[in-house]
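Input: a single structure, listed below in structure tokens.
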Amino acid sequence: VPRFKTLSADEFEQLALSGRPFVIEDGGMGQPFSGWTCDRFRREFPQALVQLEYVKGGPAGRPIRPITEDWDAELHRLPNADP
């Protein structure tokens, strides 16, 4: 998966519209939760809800699940991204 830093808005849009996965290495720089794992969020905010993005199937729209569920272990194929 290609990795990028210091993307402009136009560069990000091109990558996002390509349908291919990529990593933005400095996307959270300076944000208070940068570096937190899903497990840390679960411990700190056990009542929180997670809005799942890019999930195929399930309820219409974007599914919302409790953060304490095992949602991050589920795998979902992405059109034009997964082989």
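Only this structure's heavy atoms are used, side chains among them; waters, hydrogens and symmetry mates stay out.
Using a 4.5 Å cut-off between side-chain heavy atoms of Ile, Leu, Val, Met, Phe, Trp and Tyr, with links allowed through other members, Leu7 and Leu17 fall into different hydrophobic clusters.
Minimum heavy-atom separation, Arg40 to Trp36: NH1-NE1, 3.1 Å. Shown here for Pro2 and Pro21, the closest heavy-atom pair between the two residues is CD-O, 3.7 Å. In this structure, Phe4 and Asp26 approach most closely via the heavy-atom pair O-OD1, 4.2 Å.
Counting heavy atoms of neighbouring residues, nucleotides and ligands inside a 6.0 Å radius, atom CD of Gln14 does not exceed 12 of them. Counting non-hydrogen atoms of neighbouring residues, nucleotides and ligands closer than 6.0 angstrom, the CD atom of Glu25 exceeds 12 such neighbours.
Rounding to the nearest 0.5 angstrom, the gap separating the CG atom in Leu15 from the CG atom in Asp10 is 11.0 Å.
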>> Using the rule given for side chain to side chain contact (heavy atoms under 4.5 Å, CB included), can you reason through Ile67 versus Phe45, listing the C-alpha separation, both sets of side-chain angles and the distance that settles it, and then say yes or no?
In response: CA-CA 8 Å; Ile67 197 167; Phe45 303 103; 5.5 Å; no

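For Gln31 and Ser34, the side-chain atoms include no donor-acceptor pair closer than 3.5 Å.
In this structure a side-chain-to-backbone donor-acceptor pair under 3.5 Å is present from Arg42 to Glu69.
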